[in-house]
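Notes for the one structure printed next.
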Amino acid sequence: MPRAEAILVWDGWITACSGHEAAFAAKDSGYTRIDLGAGPILTGFLDGHSHIAGLSASLSQYDLARVTEFQGLVRAMRAFIAENAIPNAEWAVGTNYDHNFLTQRCHPDRSMLDAVFGTQLGIPAQS
């Protein structure tokens, strides 16, 4: 794996990473040459609570915001499981579920959720 030994900086921007000879061979005096010695160069820092993980997880979940009754929830989750070939014993997750918008105005019970076959079903409440 190539290893940068030096960098060239122009107007505050890193413009090149290379070995010592290539970096220090640059003739333009407008560049700042920085010898990294044995230290690493890090391309950036990531915030530890990055939202990209949540976004990627949401892509594998079914949006239940438009479901209005229990049987619609069962149909929607069954279709989602079938379309995504989710095997039994793996999790199928629905999002944006809010019992306040269901005609029943209550949470589904276990017997209704068990109707979604052997798949483990996760439906976190929105409200």
Side-chain angles (χ1 to χ4, degrees):
M1 173 178 231
R3 185 170 173 93
E5 298 171 335
I7 58 175
L8 290 176
V9 178
W10 177 265
D11 195 27
W13 292 87
I14 295 175
T15 59
C17 296
S18 62
H20 283 290
E21 294 163 16
F24 290 102
K27 305 254 190 271
D28 190 332
S29 63
Y31 285 93
T32 301
R33 296 161 185 86
I34 301 173
D35 183 348
L36 299 174
I41 182 168
L42 304 175
T43 58
F45 296 96
L46 299 176
D47 185 346
H49 85 280
S50 176
H51 292 260
I52 193 74
L55 171 64
S56 66
S58 74
L59 297 175
S60 65
Q61 300 171 355
Y62 185 78
D63 186 355
L64 295 168
R66 294 185 179 179
V67 170
T68 59
E69 42 86 28
F70 287 166
Q71 289 308 310
L73 190 148
V74 170
R75 282 191 302 275
M77 290 309 296
R78 280 184 176 165
F80 175 71
I81 290 164
E83 289 167 10
N84 292 280
I86 299 172
N88 287 349
E90 286 199 18
W91 283 94
V93 178
T95 61
N96 297 321
Y97 152 77
D98 189 336
H99 73 284
N100 293 304
F101 297 114
L102 298 178
T103 56
Q104 293 88 352
R105 298 268 190 248
C106 63
H107 295 289
D109 63 17
R110 179 182 175 177
S111 64
M112 196 282 299
L113 296 177
D114 284 348
V116 187
F117 304 116
T119 303
Q120 298 181 62
L121 187 62
I123 305 176
Q126 178 79 3
S127 57

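Computed from a prediction, not measured in an experiment: that's the story for all the values here.
Side-chain atoms of Asn96 and Gln61, non-hydrogen and from C-beta on, never get closer than 4.5 Å to each other. Side-chain contact check for Tyr97 versus Leu102: some heavy-atom pair is nearer than 4.5 Å.
Not a single ring pair (Phe, Tyr, Trp, His ring centres under 6.0 Å) links Phe70 to another residue, sequence neighbours left out.
Nearest approach of Thr68 to Gln104, heavy atoms of both residues: O-OE1, 4.3 Å. Considering every non-hydrogen atom in both Val9 and Thr15, the closest pair reads N-OG1, 4.3 Å. Heavy-atom minimum distance, Ile86 versus Ala92: CD1-CB, 4.0 Å. Counting all heavy atoms, side chain and backbone alike, Ala76 lies closest to Tyr62 at CB-CE2, 3.5 Å.
In this structure, Leu73 CG and His107 NE2 are separated by 12.0 Å, a value rounded to the nearest 0.5 Å. Between atom CD1 of residue Ile7 and atom OG1 of residue Thr32 there is a gap of 9.5 Å, rounded to the nearest 0.5 Å.
Residue Arg66 places its CZ atom among 12 or fewer non-hydrogen atoms of other residues, nucleotides or ligands, all under 6.0 Å distant.
A donor-acceptor contact shorter than 3.5 Å links the side chain of Asp109 to the backbone of Ser111.
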